[in-house]
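A short worksheet on the structure shown next.
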Amino acid sequence: MPRIVIISPSIRNGRLSHRAAIYLFNFIRENNLADAEILDLLDYNFPLFHERLVNQESPSAAAVEFSQKVRDADGVIIVAPEYNGGLIASLKNAIDLLTGEWRHKPVAFVPVSDGNFAGSQVIISLQFTLWKLRAVTVPGPLRIANLESAFDQNGVAADREAMNKKASSLVRELLRFIES
Ligand SMILES: Cc1cc2nc3c(=O)[nH]c(=O)nc-3n(C[C@H](O)[C@H](O)[C@H](O)COP(=O)(O)O)c2cc1C
């Protein structure tokens with residue numbers, strides 16, 4: 001079974017986007033689509049970037065674990081909240097930490113926001129950054145607007161049927177790239 005990691009990057013108090021990560025994790029597991037795991041950047045608690053992991057003399061256990069999990073994954077889903085039209089700092093921080101781990105890795109995107117536009121701007125910088133790192137950027141992002149009303153705190157979608165349809169299309173597209 002393919003391994004998919006879901007990166008949940010928000011470390012903000014009262015964060016909402018983690019709900020989308022929980023939803024996707026449950027969706028993948030319940031439908032037996034892949035072996036899924038959430039990589040929660042709140043747990044990793046990385047310091048601000050000072051050097052790529054590959055160039056660090058004594059990397060932290062957290063950084064080594066994160067690297068290994070991305071390396072071992074067949075595909076990655078990145079939940080990407082939009083802050084001021086771009087990537088949130090914790091996500092860019094974690095992406096920059098790694099190098100070869102991203103190379104040829106299929107990565108699918110879930111741009112989210114609590115507004116009406118579903119992170120429509122963050123996707124531009126996020127895709128470009130992953131492309132620069134030679135990841136395989138999977139087309140057809142799952143955009144989620146109005147986060148607070150889209151899921152409850154346990155990641156249960158308000159409109160399950162509609163959300164499942166969109167999630168299915170995202171995950172199946174990612175799986176196609178994994179298999180190809
Ligand atoms: C610093 C900051 C900047 C934001 N900028 C945007 C923005 O440019 N576009 C947007 O749609 N929402 C913006 N938002 C609203 C976020 O989409 C909303 O807070 C969302 O819940 C963020 O995810 P999080 O709760 O998991 O941190 C911003 C929020 C913060 C805290």
Side-chain angles (χ1 to χ4, degrees), residues 4-30 34 36-50 62-63 65-66 69-70 73 75-98 102 105 107-133 135 137-171 174:
I4 293 178
V5 293
I6 302 161
I7 298 183
S8 179
S10 181
I11 57 174
R12 192 175 70 84
N13 282 338
R15 63 186 180 165
L16 296 171
S17 58
H18 193 61
R19 300 178 184 188
I22 297 170
Y23 162 78
L24 283 162
F25 171 81
N26 289 333
F27 176 83
I28 292 168
R29 295 283 285 258
E30 283 162 13
E37 183 178 4
I38 295 177
L39 305 186
D40 185 350
L41 296 190
L42 183 60
D43 292 339
Y44 281 105
N45 194 23
F46 293 130
L48 267 183
F49 179 91
H50 60 281
E65 183 194 283
F66 181 70
K69 286 190 187 271
V70 172
V76 178
I77 296 175
I78 298 182
V79 174
E82 178 172 303
Y83 284 3
N84 298 321
L87 270 79
I88 79 173
S90 51
L91 178 56
K92 186 67 163 52
N93 202 43
I95 291 173
D96 290 343
L97 194 59
L98 309 184
W102 297 117
K105 186 78 62 186
V107 182
F109 303 102
V110 183
V112 300
S113 89
D114 195 32
N116 291 328
F117 299 108
S120 56
Q121 292 170 307
V122 66
I123 191 69
I124 297 165
S125 44
L126 179 59
Q127 279 193 113
F128 187 71
T129 295
L130 268 300
W131 175 80
K132 286 278 290 182
L133 284 158
T137 57
V138 174
L142 163 53
R143 303 172 194 274
I144 304 175
N146 304 309
L147 268 179
E148 188 155 24
S149 49
F151 303 101
D152 72 11
Q153 290 189 350
N154 300 315
V156 175
D159 184 344
R160 287 189 71 153
E161 200 180 325
M163 194 62 76
N164 287 353
K165 203 169 161 196
K166 290 200 269 185
S168 173
S169 134
L170 176 95
V171 176
L174 175 59

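Residue numbers count from 1 along this sequence. Just follow the structure's listing: the first ligand is 1, and inside any ligand the first atom is 1. What's counted below: heavy atoms across the whole structure, side chains too, no hydrogens, waters or symmetry copies.
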**Q.** Closest approach of L42 to S10 (non-hydrogen atoms, all atoms of both residues)
**A.** CB-O, 4.3 Å
Q.
How close do L174 and V107 get, counting heavy atoms only, and between which atoms?
A. CD1-N, 4.4 Å
Q) Counting distance only, does the side-chain N/O of E82 pair as donor-acceptor with the main-chain N or O of V122 below 3.5 Å? A) yes
Q | H18 side, atom NE2; F25 side, atom CZ - distance, nearest 0.5 Å | A | 10.0 Å
Q: May I ask you to check whether over 12 heavy atoms, not counting those of F49, lie within 6.0 Å of atom CZ?
A: yes
Q: For ligand 1, list the protein residues that place a heavy atom within a distance below 4.0 Å of one of its atoms, sorted by chain and number.
A: S10, R12, R15, L16, S17, P81, E82, Y83, N84, G85, S113, D114, L147
Q. Among pairs that include at least one residue of residues 150-165, which meet side chain to side chain donor-acceptor pair (under 3.5 Å), considering only residues two or more places apart or in two chains?
A. Y23-N164
